[in-house]
Every structure is written in C-alpha cells, then in structure tokens.
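Every chain is numbered from 1, with letters handed out A, B, ... down the list of sequences.
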Amino acid sequence: MRKAAAITTAAALLLAACGQGGPSGGGGKISGDKIVLAVLNDQSGVYSDLSGKNSVEAVKMAVEDFKAQYGDKAVTKNIEVVTADHQNKPEIANSKAQELFDRQGADTILDVPTSSAALAVATVASQKKKLYLNIGAATTDLTGKACNKYTFHYAYDTYMLAKSTGTTVTSQGGKNWYIVYPDYAFGQDMQKNFTTAIEGAGGKVVAKDPTPFPNDNFSTFLLKAPNMNPKPDVLGTMQAGGDLVNLVKQYNEFGLKGKGIKLSVGLMFITDIHALGPDAFAGTTFTDAWYWNLDERSRAWADKFQQRTKIRPSFAHAGNYSAAMQYLQAVQRAGSDDADEVVKKLENYSFDDVFARNAKIRAEDHRVVHDVYLAEVKPKSEVTTDWDYEKILRTVPADEAFRPVADSAAAGCKMG
Amino acid sequence: MASFLQQFFNGLVGGAFLALLALGLSVIFGMLGVVNFAHGAFYMLGAFGAYVLLTDAGVSFWVALIVVPVALGLFGMLLERLLIHRLTALDPLYNFLLTFGLTLVLQDLVRRQYGITSQPYPQPAGLDKPVDLGLFEYPGYQVFVLVVAAAVCAGVWLLITRTRVGMVVRAATERPELTRAMGINVGLWVTPVFGFGVALAGLAGVLAAPMRAINPLMGADLIITVFAVVVIGGLGSIVGSVLAGFGIGVASALCNLYLPGLSQTLVFVLMAAVLLWRPAGLLGREEVPA
C-alpha cells in the first residue's frame with residue numbers, strides 16, 4: 001500500500017516537472033501559447049500540383065508526428081497550420097507574408113515557390129525578425145545577396161541542380177551540350193550554372209539558345225541540334241511546367257534520341273513524369289532532391305502521404321514536411337518559439353530525416369545541405385508499381401552537391 | 001540550304017495553329033464585331049475534348065477530329081444565344097469583358113477536374129513516323145497538321161468567296177445595314193458563324209493534342225500571339241489573318257534560328273511596325289466615316 005502511494009507521488013512529481021515546458025507552466029516561452037506554421041505557396045497556378053495544398057497536408061503530418069513523438073513533453077501541444085495563396089506574384093507574396101506574421105501570428109513561413117516571390121518574403125522575414133524556411137524556390141540569391149539571419153533555404157537551388165546533373169552527365173560521357181533555356185531570371189541562372197558545371201567537368205557547351213516564355217513550339221531548336229558541329233551528345237533543357245512538356249513531346253517527335261542526342265532536364269518534378277507518362281521521358285536524366293521510392297524509410301512516409309492525398313509525394317512535399325519538422329524540433333530544443341533562440345538552435349545543426357539525409361544547416365549562409373540524387377526516368381516496361389518512375393544513378397553527397405560557403409559569401413551573403 | 005528549308009517548313013507548321021485560330025477569331029469579329037477573348041479557352045477545350053474522349057471512352061484521334069469541333073461549335077452557338085447575343089448591341093467592351101470572364105471560368109473548371117499538370121496524348125497511329133520530304137525528313141504528324149490547316153483555310157476561303165452562303169456572310173460583315181435592306185436576315189447568320197469560329201478553335205485544339213502540352217492554360221499562353229497575328233493581318237480580314245498566321249510562324253522560326261534572343265518580342269515588334277505603317281493591318285480596311 002505504501003509502495004503504491006510512493007509510485008503515485010513520484011508519478012505526480014514527474015508530471016509536474018514535465019508541465020514546466022508544457023502549455024500550463026510555459027510562462028510565456030511560447031508566444032500566444034501556440035506555434036503557428038504558415039504555408040505560403042501557389043494553390044491554383046502552375047506549381048499547385050507539385051507543391052500547393054498537398055504541401056499543407058505534409059506540414060500537418062509533421063505537426064502530428066511531432067506531437068506523437070513528444071506527447072506531454074512537447075513544448076506546446078497547441079500547434080496550428082495556416083495557409084495562403086501567393087499566386088506566384090512577388091507583390092502578393094509580400095503582403096500575404098506580412099499578414100501571416102502580423103495578423104495570423106505566424107512563427108515561420110514555409111515553401112514559397114517562384115524565385116521573385118521567395119526573395120520578397122526573405123525581405124519581409126528579415127524586417128519582421130521571423131523565421132522563413134524556403135522549400136519551393138530555386139534561386140541561389142536566397143543564400144547570396146538576399147541572405148539574412150531569419151531566412152533558410154531548404155530543399156534545392158539552381159547551383160545544386162546544375163552541379164549534380166551537369167557534372168555527372170558530363171563525366172559519364174555526355175561531353176557536348178546544347179542548352180535551351182527560357183529567357184527569364186530562372187532560365188538564365190540555370191544556363192549559367194550548367195555551363196560552369198559542364199565546363200568544370202571537362203565538357204563543352206556547343207550552343208545555348210534563349211527561348212520565348214511561355215512557348216509551345218520548340219521545333220526550330222530541335223531541328224538545329226543534329227546539324228551542329230560538333231554534334232551535341234546532350235540536349236539540356238531548363239524549361240519547366242507546360243513548356244517542358246511541349247519540348248519533350250517535340251523532342252520525341254523529332255526523334256532526337258535516335259540521333260544520339262540524350263535529354264537532360266534542369267528541374268523536373270515527379271508530378272511532371274506522372275502527367276506525361278514515363279515513356280515520354282524515358283532515359284532522361286535530372287536531379288531530384290528526394291525520391292519517394294529511394295528506400296524503406298522514404299516509402300513508409302510516402303505511403304502515409306498517399307493515404308491522405310491520393311498521390312505520391314514530390315520532393316517539394318517531403319521538403320515541406322521535413323522543414324516543418326526540423327523547425328518544431330528546434331523550438332523544442334530551444335524551449336521557446338522566439339525567433340532568435342530558434343535560429344541559434346537551427347544553425348550548425350546536423351540531422352538525418354526522411355527527406356534530408358546527412359543534412360546540415362549551415363550557419364554561414366543558411367543553406368541546408370543534404371544528399372541529392374541524379375535520376376534517370378525508367379521506360380514504362382521497367383516501372384513495377386504506380387509512380388515508380390526513377391532509377392537513381394548516383395547519390396551526390398551533401399558537401400559536394402551545394403554551393404561552397406565561400407561562393408555564397410562571394411555572391412554577397414553577409415550574415416548578421 | 002536543306003536546313004533553311006527545313007526551318008521554313010517548320011515555321012509553316014507552327015504558323016498553321018496561329019492561322020487556324022486567327023481565322024476563327026477573324027470570322028467572329030467580322031460578323032459580330034466581338035473580340036472573342038475566350039478563343040484560347042475554346043482551343044484548350046478542343047485539346048481536352050480529344051484527351052477525354054480517348055482516355056475515358058477510347059475514342060480515336062480521327063473520330064475526335066470531327067466530333068470535338070462539332071460539339072464545340074454547338075457549345076459556341078449556345079453561348080452566343082445565351083450570353084454574347086445579349087451584349088452585342090452595347091459597347092464592344094462588354095463582350096470583351098464577358099469573353100474574358102468566360103475564359104477564366106472555363107480554365108478554372110478544367111483545372112478543377114484535371115489539375116494544372118499537362119496530360120498525355122499519343123501520336124495517332126500511322127503518323128508517328130518521320131516522312132521523307134525529298135530534301136529532308138520531317139515528323140509525319142506535323143506534316144499532317146500543316147496539310148489539314150492549309151486545306152481548312154483554303155476551304156473557308158472558297159466557302160466565303162465562292163458560295164452564296166459566303167456572299168451573304170461577307171455582305172453582312174461589311175455592310176450589315178445595306179444587307180438587311182436587301183431583305184436578308186443578318187441576325188439569323190450570327191449564331192452559326194460564331195459557332196463556326198469556335199469549331200475552328202476546337203479543331204486547332206484537337207490537332208495540338210498530340211504535339212503540345214495539354215493543360216488548362218495552353219490557350220491563354222497562345223491567345224496573346226494570335227491577337228497580335230490578327231491585328232497584323234487586319235482585324236476581320238480572313239485572308240489577312242491566315243497569311244499573317246503562316247507569316248508569323250515562319251518569321252518566328254527563322255528568328256529562333258538566327259536571333260533567338262529576339263524571338264520573345266518579335267511578334268509584337270512586327271505588330272507595332274505594321275500598325276505604324278498601316279493602322280488597319282496588312283489587309284484590313286480602314287473605317288470610312290459615314
């Protein structure tokens with residue numbers, strides 16, 4: 001009887017101790033007694049399928065997993081996910097970001113595809129001194145001249161895409177490249193990064209042509225390619241979305257593969273392959289920041305995701321999950337959602353989760369580095385299950401895949 | 001030289017879509033005085049029509065090539081009766097806004113159902129191999145597109161210039177009051193002509209399905225160029241818009257070849273130049289104040 005009483009007392013003490021960090025005894029360490037995660041992305045436009053509402057779902061999964069992991073020990077159980085549509089427009093992204101921070105009490109903003117919109121939000125985050133983890137945008141300016149204490153770049157960027165694809169394909173024999181790129185900031189940036197990577201690996205860019213954007217007719221460029229001297233081994237396309245589909249359809253129509261010109265895509269999402277069917281892309285190489293069928297761990301998460309959304313996750317979906325999770329973990333470690341405290345806990349943090357393998361959050365430029373994958377699209381005959389479209393040719397290690405810190409500094413990143 | 005000819009031919013293929021779309025736009029403008037902003041959406045619906053028929057009902061490309069334009073033509077006639085007709089008496093701006101709104105509604109309905117990512121559509125059997133054109137080989141399907149587009153444009157031209165129907169339509173386009181005075185019921189012709197223009201857009205859409213990205217925004221991306229083509233050719237001029245369509249196609253292809261950096265702006269530069277030189281477009285007739 002006395003023994004039972006002792007156990008009860010001990011249990012009560014333990015609970016009380018846990019309560020210190022919990023909502024009841026938190027004592028203002030969590031502002032407003034709740035954490036608000038805001039997903040700001042494209043919910044109806046060109047990026048809505050590859051990220052969009054399903055990324056909101058991924059963030060909700062992170063919140064649930066976080067709560068399940070810590071239970072009563074969680075820094076707070078009161079975690080809310082809010083969302084807004086920025087329509088890929090920088091001015092809307094700017095005003096929505098302010099609204100999310102000021103009126104909805106967001107502690108962090110996640111995702112934000114479209115480089116111009118992403119940069120606009122970086123400015124807002126810096127002014128408001130609130131966290132911003134970008135997943136959806138590609139521009140290296142986020143870790144270059146626009147870098148700041150509160151902005152982190154999570155999943156990928158143009159440097160990483162070019163480095164991984166350009167270097168690997170060139171060193172595997174694709175020496176001569178013909179690059180076509182849409183004539184706007186993203187395309188120009190990709191073209192420069194690819195050229196640097198290809199030449200660095202001993203390859204040669206035979207020609208590079210800007211194309212109109214949007215564009216539905218690429219036949220001029222496709223006709224030109226086989227007649228070049230020297231004949232290119234690889235057609236590198238920096239097109240995205242509908243333009244990419246147009247180019248791929250016409251690449252097949254003009255039979256360039258049969259003429260010995262392989263296709264390499266700068267930025268592609270698994271949703272693109274799913275839409276057009278694997279045969280249209282078969283043999284195409286590209287870099288994926290994450291692939292759902294990489295291993296058992298990724299598959300298990302992808303299964304959970306599919307139960308909720310009916311699709312397999314793109315790397316953007318998994319990246320949003322991971323970023324939300326790492327943010328919550330950092331809050332847990334800090335015992336507070338104060339932005340400066342959380343930044344301290346994020347910086348120099350090394351981790352390994354379902355999305356980011358061998359990952360580290362660099363303090364110098366806030367680039368999150370992790371392993372990335374050079375993938376080749378399988379022909380339909382080799383696809384064994386739904387969405388099983390990619391063969392991983394090479395895992396590019398984290399420290400090799402991303403821009404070195406010195407280059408970020410040279411590009412204008414001054415942290416502090 | 002073979003390469004130049006190949007690019008020239010390639011320009012004609014690209015121009016075929018512009019010509020078909022510009023033709024429909026021009027016919028509608030001529031008859032109704034309506035700048036049909038929804039034309040790109042009808043083009044998109046044409047492509048989706050072919051896609052849906054194939055994936056949901058297994059209907060082949062060849063059947064879709066007939067069924068989809070006819071169905072869209074009927075849909076267009078319905079829209080004309082229900083909506084556009086009610087605004088034709090007002091300032092043209094009202095119909096411009098109406099058709100712009102229609103575009104947004106149609107795009108979003110399709111997006112709701114099929115998402116924003118592009119849909120697949122195979123090349124029709126028999127046309128998926130390159131054909132030898134003597135000097136060079138060219139994808140069979142693209143040759144087919146060019147032949148169909150040229151035949152349709154020529155057919156419409158014959159219909160309008162050589163038949164009684166065409167005569168009435170032309171008369172009603174150019175001098176509606178006078179035509180009415182001759183005892184012809186101009187109003188009776190408006191609905192079928194609108195439907196016909198929409199059907200042409202639908203036909204272009206079906207033709208686009210195997211070689212272009214099928215997504216809700218495919219028409220919105222293209223329609224701006226088509227408007228420029230129509231303005232260059234002369235608003236309401238059938239021959240003008242067809243010639244301008246093919247011409248712009250070839251000019252874009254050659255521009256891509258020699259000055260790729262300029263191709264983004266080429267069509268608008270040409271439009272500005274033509275407007276400075278001939279404010280009514282190449283073959284447009286300037287309004288003579290009565």
Distance col, row B:Arg212:CZ vs A:Asn215:CG, nearest 0.5 angstrom, shows 8.0 Å

Side chain, backbone, both or neither: which part of B:Leu217 has a non-hydrogen atom closer than 4.5 Å to chain A? side chain

Hey, is the main chain of A:Thr220 close enough, under 3.5 Å, to the side chain of B:Gln7 for a donor-acceptor pair? yes

Going by side-chain contact (heavy atoms from CB on, under 4.5 Å), A:Pro212 matches just one of B:Asn256, B:Val267, B:Thr265, B:Leu262. Which one? B:Asn256

Cut-off 4.5 Å, heavy atoms of chain A, and the answer for B:Gln142 is both

Which atoms of B:Tyr138 approach chain A - backbone, side chain, both or neither, heavy atom under 4.5 Å: side chain

How far does CG of B:Leu257 sit from CG of A:Leu223, to the nearest 0.5 angstrom? 9.0 Å

May I ask you to decide if B:Pro122's main-chain N or O and A:Lys249's side chain share a donor-acceptor pair within less than 3.5 Å? no

Please report the interatomic distance CD(A:Gln250) to CG(B:Asn10), rounded to the nearest 0.5 Å. 9.0 Å

Judged by atom type as modelled, is there a donor-acceptor pair below 3.5 Å linking the side chain of A:Asp49 to the main-chain atoms of B:Ile116? yes

Any chance you could lay out the side chain to side chain contact (heavy atoms under 4.5 Å, CB included) test for B:Gln6 and A:Asn227, step after step, and finish with the verdict? CA-CA 11 Å; B:Gln6 210 175 1; A:Asn227 299 326; 4.2 Å; yes

Do any N or O atoms from the side chain of A:Asp209 and from the backbone of B:Pro260 form a donor-acceptor pair under 3.5 angstrom? no

Distance, nearest 0.5 Å, that separates CE of B:Met211 from CG of A:Asp216: 8.0 Å

